[in-house]
Amino acid sequence: MRVVDVLPVLRTSRYDLPLTYDAAELTLEVGDVVSVPLGSREVLGYVVSPVRAAAEADGTRLKPVRERLDAPRAFDETGLALARFVADRYLCTLGEALGAAILGGTVPRIRDSLVRAETEVPARYPSVPLRLLELIWEEFEESFTLEQLLRHPDARRAGDRRSLLGHVQALVRGGSLRRVRRLLSPRTREAEVRVLRPGSSSVRGRKAAALAAFVAEHPGVTRADATLAGFSSSVIARAVRAGAVVEASERVARKRELQPRGEVPPPTPEQREALAEIEAALRRRRFETMLLFGVTGSGKTYVYIEAIRGVIAEGGRALVLVPEISLTPQAAQRFRAAFGERVAVLHSALSERERFEAWNACARGEIDVVVGARSAVFAPLRDVRLTVVDESHDPSYKQDAAPRYHAAAVAAARMRLEGGVLLLGSATPSLESYAAAKEGKIALLELRRRATAQPLPEVRVLDLRAEFDGGNRAILSDALVAALGERLSRGEKSILFLNRRGFAGSLICRACGTAPHCPRCTIALTVHRREKVLRCHYCDFQTAIVDRCAACGERSVVELGAGTERVVEEVTRLFPEARVLQMDSDTTTRLGDHARILADFEADGDVLVGTQMVAKGLDYPTVTLAAVVAADVGLNLPDFRAAERSFALIAQLCGRSGRGRAGEAIVQTYAPDHPAIAFAAKHDYEGFARQELRERAELGFPPAMRLVYVGVIGRVQTDVVRAAQRYAALLRESEAAEVLGPAPYPVARVNDEWRYRIALKTHAPKRVRAFIREHIVPLAHADGKVRLALNVDP
Ligand code: ADP
Ligand code: ZN
């Protein structure tokens, strides 16, 4: 007989065992969605093995697969292998890992609907309100969902949710309504996208006119790209109504020819050398990792594009991972320009359907290059011979909810599987990748010079302690104010970076020292003066700003520390004529906000103030000043990567300056001698890395040892501490790792839950993972009061 393994798709993540079913006569492939019997129910599941022959005797009791759904495969063999890798490496279930590897829209959904079994309003239900019966029999379609009924305002007037459910149940029991289970499976149509073309009329309004100009410049631009470029749906709708822009659905005709190469400048000598090494590795057709360590502006993107051109010419495909496309629309645009229809850019402005269609275009072999964020590493492309991880040090490559995978680690697993090259690019490589390169485990390619004429900017470190002694308590030092003034008088642009949003850090009472805290989290509330609230940056709790201390009643509450909002206010006060823009997660809540702020900055902005978003990837020739307002905010975070992250942010930020003409950078700090600052000021990555790696080795942090955090979370503190202590004791007995803690997380309570953490340092990561899987996970599952948050290689 023929049997097959199926993983039921269930809500509970604990259920993780593929079950073997009788495949009967069905033709099934890995990734197919099927319906199977499970206990007394019928559930959906994914095929996770090829169909295989089994002896009749073993199989007699197997239940049969009921049917194969008419939907595209949810994943292919590569996707399944990568999900298995993620489940094993990051200690999650296969179901959770597949959840990351599968696109939302590919999962079929079951919809329960209700169907009228009688034509007339039934009269035999004295307890059911007449208005509800009339609603169902006179206003609803013959088939409707329970949700539609519960949402209907007339139904709600007939009773609350519970009594409505009771009435429906009575009608089902009495045979007047029937429950019908229907399956909604996604179907691919021909790949279609909504595109915008120039119309014949004009439109009033600055934004709509700007959209019309944008569309005239890029006829046929997709609606999603226009959104990403900063035009909101309402602006698009207005321009379409006015006839200034025409919207249409178009089939995507994907041409298989390479784009003409166009006007590409010749590579610099360093670029040529790096390309030659990458091409040699590609020819070997086996797994290899290479680190492209190139200073900011050295032309790494140029190297990626030319390497990919070679891959495609040889019939292969390529994957490009970028940290967050909305932050770097320029980069995505360059891949589009180079590869035309053969590139799929997966970004957050795509609708679920568009994303689904792009995914299926990959599966059908119509796409040769995928550019996307973290999850694009799972894209169903075949024959990927090169995977690029751009800005590979960026923290966004690590997912911060289960499965807590790192996209570069998954990319490595994928290239190992496909025999391809993994190219990590960065101006500030992660210390793990740099150490591996220095030890000769991966190849090191270097671009030491900028591709354009300008050298890296001069960096001045300003000691705020000295400013303080001189009586200056302002957040902007005299030197920084003078530098800003110079830029303004010359019509040049400046970028100010501060790793804290809001107006001030927090409030504090000068009389008793109390700071208002979040009632749900152990963290001080942040002042947002523009919105006039105190807000928790962990759970979004907010409350009114107070001027009287809640603890002692004195009117002695003052603000402590500064945020981006305050910097904007200060710059505006000093330079009222300057156009100042703010970019942080408070000002970029909608799609396209990033692009709009950046476009304004490019057009006529003078000063851009923001959080780490402004340190990433911006390439504007007239920026000649980049400044860190308070480097200490990031340095003092309780994280072993705090120095590495600070170094990277400062170096990346300085790299924004002086691209088109000579520029400078300024770093304000209370700790001018801190290695992260001192080395960044000298553009000395190697010096920093050497010193930091030595310290990590002494303290046993990565890359010297591997780290696993076992988080224990629950509502009652004593339960959490008790469970965490028990797990720590077991882990100590295992002798697989050095065990630290349990200790509270840096923020011990978030959203009314207590969080304690055990840190494991080890040279035997496999043993540690196996021990956790076999001994800790089952204990936590049996304990109803706590749950685990496992973070491998944090
Ligand atoms: P990185 O990604 O390393 O920061 P980019 O790829 O953004 O650098 O390149 C920085 C600038 O240098 C860009 O404006 C790019 O167009 C330009 N550039 C890159 N390579 C070359 C080259 N070979 N010749 C001329 N200009 C180049
Ligand atoms: Zn909170």
Side-chain angles (χ1 to χ4, degrees), residues 261-275 291-309 320-323 327-335 337-338 371 388-394 423-429 445-457 502 506 515-526 528 533-543 602 615-623 626 648 651-661 663 683 685 745-755:
R261 202 155 167 278
E263 288 281 300
V264 180
T268 64
E270 288 183 323
Q271 285 173 330
R272 185 174 313 125
E273 207 172 301
L275 273 168
L291 173 60
L292 179 63
F293 173 27
V295 299
T296 53
S298 58
K300 295 184 286 294
T301 310
Y302 179 105
V303 174
Y304 307 150
I305 288 176
E306 295 310 311
I308 293 170
R309 216 188 286 279
V320 181
L321 305 182
V322 292
L327 293 180
T328 49
Q330 287 176 325
Q333 217 39 58
R334 282 162 71 182
F335 287 97
V371 180
V388 172
V389 183
D390 186 28
E391 307 294 354
S392 56
H393 63 280
D394 196 283
L423 182 60
L424 306 172
S426 179
T428 53
L445 313 172
E446 290 186 79
L447 305 177
R448 293 180 167 272
R449 270 176 293 278
R450 281 190 162 178
T452 49
Q454 294 301 331
L456 288 168
S506 68
H517 269 63
C518 175
R520 302 197 285 246
C521 311
T522 45
I523 191 90
L525 295 166
T526 304
H528 287 250
V533 293
L534 293 174
R535 179 175 297 148
C536 172
H537 284 185
Y538 280 78
C539 74
D540 271 341
F541 168 86
Q542 55 184 46
T543 181
E602 186 175 18
K616 293 182 185 177
L618 306 184
D619 184 17
Y620 298 115
T622 56
V623 172
Q652 296 280 352
L653 180 80
C654 295
R656 303 307 116 214
S657 175
R659 291 190 157 223
R661 41 181 118 157
H683 304 294
Y685 173 86
Y745 276 61
V747 178
R749 194 174 48 126
V750 168
N751 236 332
D752 275 334
E753 284 192 314
W754 289 93
R755 314 188 303 167

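We number each residue from 1, following the sequence as shown. Numbering of ligands and ligand atoms starts at 1, following listing order.
- With a heavy-atom cut-off of 4.0 Å, E270 does not touch ligand 1 at all.
- The shortest N or O to N or O distance between G299 and ligand 1 is below 3.5 Å.
- Residue-ligand proximity, D619 to ligand 1, at heavy-atom distances under 4.0 Å covers atoms 13 (C), 14 (O).
- Here the CG-CG distance, from L445 to L424, works out to 10.0 Å after rounding to the nearest 0.5 Å.
- Looking only at heavy atoms of the protein, atom 2 (O) of ligand 1 is closest to T301 OG1, 3.3 Å.
- Contacts between L447 and ligand 1, counted as non-hydrogen atom pairs separated by less than 4.0 Å, are absent for every part of the residue.
- Remark: E270 engages R449 in a salt bridge, criterion side-chain N to carboxylate O under 4.0 Å.
- Protein heavy atom closest to atom 19 (C) of ligand 1, with residue, atom name and distance, is A451 CB, 3.5 Å.
- When non-hydrogen atoms are compared, ligand 1 lies under 4.0 Å from the backbone of S298 as well as from its side chain.
- When atom types are taken as modelled, the side chain of R749 and the backbone of I523 share no donor-acceptor pair closer than 3.5 angstrom.
- Protein heavy atom at the shortest distance from atom 16 (O) of ligand 1 is R334 NH2, 4.4 Å.
- Among the atoms of H537, none of the N, O or S atoms falls under 2.8 Å from the Zn ion (ligand 2).
- In this structure, R520 forms no cation-pi arrangement with F541, as its terminal cationic atom is not both closer than 6.0 Å to the ring centre and no more than 45° off the ring axis.
- When each of L447, T428, L456 is paired with V295, the side chain to side chain contact (heavy atoms under 4.5 Å, CB included) condition holds for L456 and for no other.
- With hydrogens left out, the protein atom closest to atom 17 (C) of ligand 1 is T452 CG2, 4.1 Å, a heavy atom.
- At most 12 heavy atoms of other shown residues, nucleotides or ligands fall within 6.0 angstrom of atom OH in Y538.
- Regarding atom 4 (O) of ligand 1, its nearest protein heavy-atom neighbour is G297 N, 2.8 Å.
- Remark: the backbone N or O of G425 is not paired with any side-chain donor or acceptor of K300 at under 3.5 angstrom.
- For ligand 1, the polar-atom distance check against T296 finds no nitrogen or oxygen pair separated by under 3.5 Å.
- For Q271, every heavy-atom contact with ligand 1 shorter than 4.0 Å involves the side chain, none the backbone.
- Taking all atoms of both residues into account, the shortest heavy-atom contact from T296 to G655 is OG1-CA, 3.2 Å.
- No side-chain heavy atom of L525 sits under 4.5 Å from any side-chain heavy atom of Q542.
- Under the salt bridge (Lys or Arg N to Asp or Glu O under 4.0 Å) rule, D619 has a single partner from R334, R659, R656, R450, which is R659.
- Vertex the Zn ion (ligand 2), arms ending at SG of C536 and SG of C518: the angle is 110° after rounding to 10 degrees.
- Here P266 has backbone heavy atoms under 4.0 Å from ligand 1, and that is the only part of it that gets that close.
- Taking a 4.0 Å cut-off on heavy atoms, G294 fails to register as neighbouring ligand 1.
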